[in-house]
Colleague: 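Quick one: the structure is below, and I'll ask about it shortly.
Numbering of residues begins at 1 and proceeds along the displayed sequence.
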Amino acid sequence: MEDSLDLVVDDLESPIQDTLDNSEGVVQQSALVSHEALKNTENLPKPTKHVKLPISKIKHIMKMDPDVTIIQQDAVFLVCKATEMFIEYMARESNKQMANNKRKTLTRRDVDVTIESKPQLCFLDGALE
């Protein structure tokens, strides 16, 4: 009976040892893959800045509102990006007015005409006065 028990234990040890041997190989392979992945990230270009306006200044302006107590970084980023897009739109439309008048210098009058001619900019009426 004891011999049969030894045989069963020996049968169990072989698959367990094989599994342990295989798992050591997997750990070594994953370590190699991680090391290779780190090497590959060194060649990637540096991340670019997503906004052109200073985020700290935008956050400071947002905090000037007495109703605002806490501002999440995502909200600051979105307000910053929306402000940039608005400035680009205003500059592009004002540039069209300037080109229509065949001038090379952008004037306040070009911005005023842009505000008056675009219905979506009606909230800016009188803002430059």
Colleague: Keeping the roles fixed (side chain from Ser117, backbone from Thr114), state whether a donor-acceptor pair exists under 3.5 Å.
Modeller: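 Indeed, once roles are kept as given, a pair shorter than 3.5 Å links the two residues.
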Colleague: Answer yes or no: is there a side-chain heavy-atom contact under 4.5 Å between Ile115 and Met90?
Modeller: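 In contact.
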Colleague: Rounded to the nearest 0.5 Å, how far does CD1 of Ile55 lie from SG of Cys80?
Modeller: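 Interatomic distance, Cys80 SG to Ile55 CD1, rounded to 0.5 Å: 5.0 Å.
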Colleague: Tell me every residue that passes side chain to side chain donor-acceptor pair (under 3.5 Å) with Arg103, counting only those two or more places apart in sequence or in another chain.
Modeller: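 Scan of Arg103 (side chain to side chain donor-acceptor pair (under 3.5 Å), adjacent residues dropped) gives Asp110.
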Colleague: Can you list, pair by pair, the side-chain donor-acceptor contacts under 3.5 Å of residues 57-79, counting residues two or more places apart and other chains?
Modeller:
from  : atom 1 : to    : atom 2 : distance (Å)
Asp65 : OD1    : Asp67 : N      : 3.2

Colleague: Given side chains that start at C-beta, do those of Asn95 and Arg92 come closer than 4.5 Å, heavy atoms only?
Modeller: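 No, every pair of side-chain atoms sits at 4.5 Å or beyond.
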Colleague: In chain order, what residues pass the side chain to side chain donor-acceptor pair (under 3.5 Å) check against Glu93, with sequence neighbours excluded?
Modeller: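 With sequence neighbours excluded, Glu93 shows a side chain to side chain donor-acceptor pair (under 3.5 Å) to Lys96, Lys118, given in chain and number order.
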Colleague: Between atom CG of Asp112 and atom OG1 of Thr107, what is the distance when rounded to the nearest 0.5 Å?
Modeller: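 It is 8.5 Å, given to the nearest 0.5 Å.
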Colleague: Tracing side-chain links under 4.5 Å among I, L, V, M, F, W and Y, which residues wind up in one group with Met98?
Modeller: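 Traced through the cluster, Met98 reaches Leu106.
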Colleague: Applying salt bridge (Lys or Arg N to Asp or Glu O under 4.0 Å), can you list everything that pairs with Glu84, at least two apart in sequence or on another chain?
Modeller: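 Salt bridge (Lys or Arg N to Asp or Glu O under 4.0 Å) list for Glu84, sorted by chain: Lys81.
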